[in-house]
Amino acid sequence: MHIVTTIAGSDSGGGAGIQADLKTFQELKVFGTSVITALTAQNTLGVSDVLPIEVSFVEKQLQALIEDFSISAVKTGMLFSSEIIQSIAQILAEINIPLIVDPVMIAKGGESLLQQEAIEALRIYLLPLATIVTPNIPEAETLSGRKINSLADIEEVAKVLLQMGVQCVIIKGGHLEDKCYATDYVFFQDGHSFSMKSTRIATKNTHGTGCTFSAALTAFLGRGLPIEEAIMEAKKFIQLAITHDLSIGNGHGPTNHFAYQNFKDSCEVIIHET
Ligand SMILES: Nc1ncnc2c1ncn2[C@@H]1O[C@H](COP(=O)(O)OP(=O)(O)O)[C@@H](O)[C@H]1O
Ligand SMILES: Cc1ncc(COP(=O)(O)OP(=O)(O)O)c(N)n1
């Protein structure tokens, strides 16, 4: 049994954060463990409050897992403060486990999930340890300090992030203004890059897409899949979860974490080597 860990915030609405991660891990047959960094009072309509967990208790959770389990991959999501980022980075630096960093900053409704001053901590302490970082377009712009208006901008931003020490950058295209396709761009340290294109689904039920994608990536890497295969399979997981969405709540509903197991042979992702 492969054991993986998510370090993230709790979403009481169950569509994003720790809950999305653990559901995804379960569906992909890895044993999920968790370190909770913050509680959010949240549903499909938005986040009404955030309660950060004390840094020393975040550390205790992570230490407890490391002491007992042989963890094969770790992901981070909502980290909230620079203190939490620094403390978990210090612990993660001492263990050699594939690390997927989803640099969660803002919820769909615009509520902040990361303090402004913590952005620099992400750059300095966490990104140099990351195997993969998975920013959406606004997060990639914030981390790099550059605007994205074209494919050339995406390539430039990826270069900036690779220079921070990340091994692989995936810039997710959910926020791009392409009505037909949702395209993600993948860049490696050795210069290799490719894009993954899937049909854009016309739905408002996209709450937790980033969390779910990075959790699937963590599960596949934790199971030992080669990195490129893990990335492509994670894209299929999120595509199916969005395609077969559930009608839950009155706002931006969650994706369907059950879909991959039922429909995985019926998903097309177009890979384009660049
Ligand atoms: N409407 C959509 N149809 C298909 N795929 C989508 C759609 N919206 C987002 N995605 C995919 O979901 C994943 C998460 O992307 P994105 O929404 O950009 O991240 P985040 O949730 O962090 O903002 C990416 O693989 C992206 O291409
Ligand atoms: C607790 C918690 N963590 C992360 C998010 C953001 O999730 P994401 O996958 O980026 O999806 P949206 O919220 O943008 O739909 C969250 N909302 N809550």
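These numbers were taken from a predicted model, which means no experiment stands behind them. Both backbone and side-chain heavy atoms feed into the values below; hydrogens, waters and symmetry mates do not.
A search for salt bridge (charged side-chain N to carboxylate O under 4.0 Å, His left out) contacts involving K236 returns E233, not counting sequence neighbours. Residues satisfying the side chain to side chain contact (heavy atoms under 4.5 Å, CB included) criterion with H192, sequence neighbours excluded, are F188, D190, F194, E228, E273.
Contact record, T37 with G9: OG1-N, 3.5 Å, taken as the closest heavy-atom pair. In plain terms, the two heavy atoms of I66 and I91 that are nearest each other are CD1-CG2, 3.4 Å.
Checking each of I7, I124, L114 against I85 for a side-chain contact (heavy atoms from CB on, under 4.5 Å) leaves exactly one that passes, namely L114. With I132 as the partner, the side-chain contact (heavy atoms from CB on, under 4.5 Å) test is satisfied by one option alone out of D102, L99, V169, L221: L221.
The closest side-chain heavy-atom distance from N205 to I242 is not below 4.5 Å. With contacts defined as side-chain heavy-atom distances shorter than 4.5 Å, the pair T131/I100 does not qualify.
Atom-to-atom distance recorded for H252:NE2 and D245:CG is 12.5 Å, nearest 0.5 angstrom.
Aromatic ring pairs are classed by plane angle as parallel below 30°, tilted from 30° to 60° and perpendicular above 60°; the pair F237 and H257 is tilted.
For the residue pair T5 and T33, a side-chain donor N or O sits within less than 3.5 Å of a side-chain acceptor on the partner. A donor-acceptor contact closer than 3.5 angstrom is absent between the side chains of D21 and T24. Using a 3.5 Å distance cut-off with no hydrogens or angles, the side chains of H244 and N262 do not pair a donor with an acceptor. Looking at T274 and S193, their side chains do bring a donor and an acceptor atom within 3.5 Å of each other.
Under the side-chain hydrogen bond (donor to acceptor under 3.5 Å, both in side chains) criterion, the residue pairs touching residues 157-167 are E156-K159, with sequence neighbours excluded.
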